Amino acid sequence: MSMRPRGGPGGRFLDEEEKKNAPKVTKELLLRIFSYLTPYWKQMAVVLTAIIVSSMLSIYPSVITGRIIDEGLIGRDLNKLISLIIISLLVTFGSNLIGVLESYMNSWIAQHITYDMRNQMYRHLQKMSQRFFTSGSQGDIITRMTSDIDGVRSTITNTFTSILSNVITLVVALVAMFQKNPLLAFLGIIIVPLFTLPTRQAGKARWTLTKESQECSDAVNGILNETLSVSGQLLVKLFGREDYEYGRYEKYNRKMVDLNIRESMAGRWFRVVISTFSSIGPMILYLVGGILMMKYDADLSVGDITVLVTLLGRMYGPVNSLLNIQVDWIRSMALFTRLFEYYDMPVEIDNAPDAITPDEAVGNIEFDHVFFRYNEDRMILKDVSFKLGQGRSIAIVGPSGSGKSTAVNLIPRLYDVTEGSVKFDGIDVRKLDLAFLGDNIGIVTQDTYLFNGTIRENLLYAKPDATMEEIEEACRKANIHDFIISQDKGYDTEVGNRGLKLSGGEKQRISIARVLLKDPAVMIFDEATASLDSISEKAIQDAIDPLIDERTSILIAHRLSTILAADEIIVIRDGEIVERGRHKDLVGLGGVYTELYNTQFNAELPKEDE
């Protein structure tokens with residue numbers, strides 16, 4: 001994701017999308033934002049005090065400059081000159097020390113607030129249902145967790161404190177100017193905003209050029225990503241399009257060079273304009289001050305005029321910053337609004353207030369007239385009912401997209417039913433404690449996921465306090481122990497990112513062992529042997545077969561021998577149970593199961609029930 005420019009030097013501007021989507025700033029939004037600051041109100045008080053004191057002290061050297069000129073230089077008093085210079089240096093040093101304290105406390109508060117927000121966001125995302133992760137963008141989730149929350153830190157350390165610091169500095173400078181001479185101070189107030197106009201105009205020019213340059217850079221990066229990737233480069237070579245792609249790249253590269261030169265020159269003219277206008281203000285104050293001194297014998301000294309000119313210069317930065325603060329303010333509000341959108345997403349799957357945690361799990365499963373849809377467009381499961389008793393096994397088969405995986409995902413409450421109920425040991429799963437369901441339902445899926453670490457660490461993810469004897473026993477049952485101990489580092493062998501150092505079959509058997517470690521009452525095998533070669537499939541099947549006899553099992557079938565081992569076969573098509581029974585009863589019906597058998601299983605076994 002490319003970062004869009006946010007305005008050139010001296011000017012920041014909202015793009016059209018930001019203007020269109022600017023959040024509505026309400027009292028409720030502001031109170032919610034400041035609720036994150038409430039726990040740190042003591043530290044905030046220190047920051048506020050430090051900003052006030054530092055801002056006042058930073059103005060003092062400018063004020064004392066008049067005395068240095070009038071009393072020290074013009075008055076030819078060396079001792080006074082030295083003492084005033086020392087005081088000015090000490091005040092500056094003190095102001096800088098307080099600034100360091102303010103900066104530290106400000107950073108401390110920002111880091112702790114973002115720490116709180118990250119924890120809150122991560123905890124909230126962990127509670128979101130599977131629907132949220134399958135329908136949402138993973139990139140968007142990561143962006144909210146990282147750059148958006150990092151933006152909050154920048155908002156606290158920059159935007160909020162910048163407003164406070166600039167306002168205080170401006171007020172102190174104005175008070176000091178009016179104390180010296182109200183007329184010149186009033187003249188300074190009128191002049192200062194006029195100096196910001198060329199700043200904004202030059203900033204807009206650079207913004208336009210920078211935005212065009214960024215868009216051109218995006219196009220160049222797109223060409224590089226497409227044509228220099230392994231697959232893209234192969235395609236270019238196979239179709240002989242090297243010259244065409246070079247021409248595209250050269251065109252955007254040349255355009256980007258031209259834009260960069262124009263942007264650089266716009267910056268040069270900008271500095272010339274600002275430098276010129278910055279000199280006009282002091283000259284006007286010198287002129288008017290001189291006229292007041294020479295023609296009207298005003299109570300002004302050279303030092304007073306110098307102080308006023310110096311204070312005027314100190315006002316340039318705060319005024320310009322405050323005139324542009326709207327942009328930072330809107331972006332800050334938009335940032336908080338984006339985060340609050342996620343915080344406010346309802347938790348679809350959560351424990352009931354009176355969630356039940358039985359003393360033990362037997363493993364009886366019942367689907368009672370279950371209907372389910374992901375959205376309003378299509379019903380996935382339609383009036384599905386079946387019972388699975390303790391220690392028995394059931395196989396669910398059907399064409400792709402018929403709702404097989406969806407059905408088993410309702411048991412551990414990865415989703416909740418739309419109508420009807422799924423019961424575990426006679427209790428609706430929506431009334432059971434989620435941790436209880438997680439401990440007593442084990443699922444082995446087709447898409448095996450291993451964390452980047454050792455085999456032992458991946459196994460312990462299921463049961464952190466498991467003994468080595470328990471780990472090895474689970475691996476023996478999963479038919480993977482001999483492979484593990486044959487490795488140089490045994491159970492401390494690194495599996496790589498997503499387990500890429502292992503084959504598909506090895507990862508799958510480690511996944512089975514991991515599920516077995518928590519000793520669930522119900523085992524679900526969801527296409528556990530799909531997409532594997534015949535040797536790996538046989539090894540996994542040898543691990544699964546004994547497990548079916550030990551505990552309640554549900555198999556979404558891929559291999560016919562697994563179906564034959566099940567106590568009952570359920571055939572689902574278009575979300576409905578259309579056939580059920582044993583293999584020998586179903587294969588001769590001439591229905592969906594017969595069609596599946598003829599197309600998928602005919603080469604594996606004869607029709608007779610062996």
Side-chain angles (χ1 to χ4, degrees), residues 9-12 51-74 84-85 87-89 91-92 94-96 99 161-203 269-326:
R12 296 179 299 279
I51 290 175
I52 294 174
V53 175
S54 179
S55 298
M56 293 178 67
L57 290 178
S58 66
I59 293 294
Y60 188 74
S62 300
V63 176
I64 209 173
T65 300
R67 295 183 60 191
I68 290 175
I69 294 173
D70 291 339
E71 301 175 20
L73 296 176
I74 297 178
L84 290 173
I85 290 174
I87 292 173
S88 180
L89 290 174
V91 170
T92 302
S95 175
N96 290 335
T161 55
S162 175
I163 293 174
L164 284 174
S165 179
N166 286 319
V167 168
I168 293 170
T169 300
L170 192 58
V171 169
V172 173
L174 283 173
V175 170
M177 288 182 72
F178 272 97
Q179 285 179 340
K180 286 293 178 184
N181 188 282
L183 177 60
L184 292 180
F186 182 73
L187 183 61
I189 294 174
I190 296 175
I191 293 173
V192 169
L194 299 178
F195 297 154
T196 65
L197 294 178
T199 301
R200 295 179 64 82
Q201 292 302 316
W269 286 114
F270 164 77
R271 286 188 288 273
V272 170
V273 171
I274 292 303
S275 177
T276 303
F277 271 81
S278 297
S279 301
I280 294 176
M283 295 304 107
I284 293 176
L285 290 188
Y286 282 132
L287 175 61
V288 176
I291 292 173
L292 291 175
M293 287 176 60
M294 300 174 193
K295 296 291 186 182
Y296 299 97
D297 196 24
D299 186 19
L300 274 175
S301 67
V302 175
D304 291 336
I305 296 175
T306 304
V307 169
L308 288 165
V309 170
T310 305
L311 290 173
L312 179 65
R314 290 297 304 269
M315 291 173 61
Y316 285 162
V319 169
N320 190 55
S321 180
L322 290 172
L323 286 175
N324 286 290
I325 205 67
Q326 176 196 15

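Just so you know, these numbers come straight off a predicted model, no measurement behind them.
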Testing the basics here: between F186 and F178, what is the closest heavy-atom pair and its distance to 0.1 Å? N-CZ, 4.2 Å
What's the separation between atom CG in L312 and atom CD1 in I305, rounded to the nearest 0.5 Å? 13.0 Å
In a check of side chain to side chain contact (heavy atoms under 4.5 Å, CB included) between I168 and each of V172, V171, L170, N166, which one passes? V172
Of all heavy-atom pairs linking V91 and L57, the shortest is CG1-O, 3.3 Å
Would you say the side chain of D304 lies within less than 4.5 Å of the side chain of N181, judging by non-hydrogen atoms? no
Quick check: do M177 and V307 have side-chain heavy atoms less than 4.5 Å from each other? no
With a 4.5 Å heavy-atom cut-off, do S165 and T169 have their side chains touching? yes
Would you say M283 has more than 12 foreign heavy atoms packed within less than 6.0 Å of its CE? yes
Min side-chain heavy-atom separation L183-L187 under 4.5 Å: no
Heavy-atom pair of closest approach, residues S95 and S54: OG-O, 3.2 Å
Distance check, rounded to the nearest 0.5 Å: T65 atom OG1 versus L308 atom CG? 11.5 Å
Any chance CE of M293 has more than 12 other-residue heavy atoms, nucleotides or ligands included, within less than 6.0 Å? yes
For A176 and V63 the tightest heavy-atom approach is CB-CG2, 4.1 Å
Which atom names give the shortest non-hydrogen contact between S88 and P61, and what distance separates them? OG-CB, 3.5 Å
OG1/T306 to CG/L73 distance, rounded to the nearest 0.5 angstrom? 10.0 Å
Sub-4.5 Å side-chain heavy-atom contact between L174 and M315: yes
Straight-line distance of T310 OG1 to I59 CD1, nearest 0.5 Å: 10.0 Å
To the nearest 0.5 Å, what is the distance between CD (E71) and CD1 (I69)? 11.5 Å
Ignoring hydrogens and geometry, is there a side-chain-to-backbone donor-acceptor pair from S55 to I51 under 3.5 Å? yes
Once rounded to the nearest 0.5 Å, what's the spacing between atom CD1 of I85 and atom CZ of R67? 12.5 Å
Worked verdict on I87 versus Y60 for side-chain contact (heavy atoms from CB on, under 4.5 Å): CA-CA 10 Å; I87 292 173; Y60 188 74; 4.0 Å; yes
